[in-house]
Amino acid sequence: MQVLQVQLEVGPDPAEVGRARRWARSRLAGSGIAADEPVAETLILLISELVTNAVVHTGCPAVLRMLLPGVPADEPGTVRVEVADRSACPPRPRHAEGDDTNGRGLELVDGLADRWGWRHEGAGKSIWCEVDRCEAGAPAVTFDGTTHEDVAYEAVWPHVAHEAAPPRVTHEAAPPRVAREPA
């Protein structure tokens, strides 16, 4: 299975979340996932939550990555979303009460994603989730067994001289739901 990996650097400004959503919508459409597909809106909501968490809770730039199943787009497959930031603090799921205005992000991720977890990445961490794009009960093609040669790559980086180099991207098999991956 060929996989397309795309990534976008997101600045430490909450306004960047909207830019990340627009960028993700265009990449999903380019990979054959139509805007009116339920999986597209689920992925956009997951991206919005993960990018918001990274920007709001760390105050640092983040990197949004999407691993998209290859062509043909109408075959079952898994879309993986990762948001890496420079904070080594692990994600802390919370439970929001009544009128609380925050604390629901990871609960939404847990409810909407088929799998999610986090791992240390460099001096920071990466939080990831996966959504299977298939009919209920049909098996999806996941990233297990995908090799480096199977991954096409695109990156979007600002042209700022003082920005750090992009983090090293590695591929791994999907760990179990809500798993902390070893360093």
Side-chain angles (χ1 to χ4, degrees), residues 1-11 16-55 61-85 105-106 108-119 121 125-158 166-179 181:
M1 169 181 76
Q2 183 158 0
V3 176
L4 172 65
Q5 177 172 316
V6 294
Q7 68 182 43
L8 172 72
E9 184 168 296
V10 179
E16 289 280 276
V17 177
R19 185 174 73 90
R21 283 193 301 261
R22 289 186 300 278
W23 177 85
R25 278 190 185 98
S26 72
R27 295 314 182 268
L28 290 171
S31 73
I33 299 175
D36 60 350
E37 283 188 57
V39 72
E41 283 307 312
T42 298
L43 286 162
I44 296 302
L45 179 55
L46 289 166
I47 288 165
S48 187
E49 289 300 327
L50 292 179
V51 171
T52 298
N53 283 352
V55 169
V63 176
L64 165 61
R65 296 183 200 112
M66 295 192 314
L67 283 81
L68 303 159
V71 179
D74 59 349
E75 286 189 6
T78 297
V79 177
R80 182 175 175 118
V81 172
E82 300 178 1
V83 176
D85 61 50
L106 290 177
L108 282 170
V109 171
D110 186 54
L112 293 173
D114 291 303
R115 289 162 299 283
W116 76 277
W118 71 282
R119 69 176 184 276
E121 183 174 300
K125 69 179 171 303
S126 175
I127 300 176
W128 58 268
C129 64
E130 294 180 341
V131 175
D132 297 332
R133 184 175 181 247
C134 58
E135 297 294 322
V141 178
T142 64
F143 297 108
D144 294 340
T146 301
T147 65
H148 176 71
E149 291 79 25
D150 293 330
V151 179
Y153 181 76
E154 169 193 288
V156 178
W157 292 95
R168 184 175 57 86
V169 179
T170 60
H171 179 77
E172 65 202 15
R177 184 177 180 83
V178 192
E181 298 179 10

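Count residues from 1 along the sequence.
- To the nearest 0.5 Å, the span separating CG on Leu67 from OG1 on Thr78 amounts to 10.5 Å.
- We find the CG-CG distance between Leu106 and Leu50 to be 7.0 Å, quoted to the nearest 0.5 Å.
- Annotation for Val109 and Cys129: closest pair CG1-CB, 4.2 Å, computed over non-hydrogen atoms.
- Exactly one of Val51, Leu64, Leu46 qualifies for a side-chain contact (heavy atoms from CB on, under 4.5 Å) with Val81. That residue is Leu64.
- Atom CD in Glu9 sits 8.5 Å away from atom CZ in Arg19 (nearest 0.5 Å).
- In this structure, the side-chain contact (heavy atoms from CB on, under 4.5 Å) partners of Leu108, at least two apart in sequence or on a different chain, are Glu49.
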Below 3.5 Å, can you tabulate the donor-acceptor pairs from side chains in residues 32-44 to any protein atom, sequence neighbours excluded?
from	atom 1	to	atom 2	distance (Å)
Glu37	OE1	Arg133	NE	3.2
Glu37	OE1	Arg133	NH2	3.2
Glu37	OE2	Ala34	N	3.0
Glu37	OE2	Arg133	NH2	2.8
Thr42	OG1	Pro38	O	3.1

Practice prompt. List the steps and the verdict of side-chain contact (heavy atoms from CB on, under 4.5 Å) for Asp132 and Arg115.
Written response: CA-CA 9 Å; Asp132 297 332; Arg115 289 162 299 283; 2.6 Å; yes

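- Residue Trp128 holds its CH2 atom at 9.0 Å from CH2 of Trp116, rounded to the nearest 0.5 Å.
- Scanning both residues, Trp118 and Lys125, for their nearest heavy atoms gives CE3-CB, 4.1 Å.
- Considering all non-hydrogen atoms of both residues, Val55 and Val10 come closest at CG2-CG1, 4.1 Å.
- Annotation for Ala84 and Glu121: closest pair CB-OE2, 3.4 Å, computed over non-hydrogen atoms.
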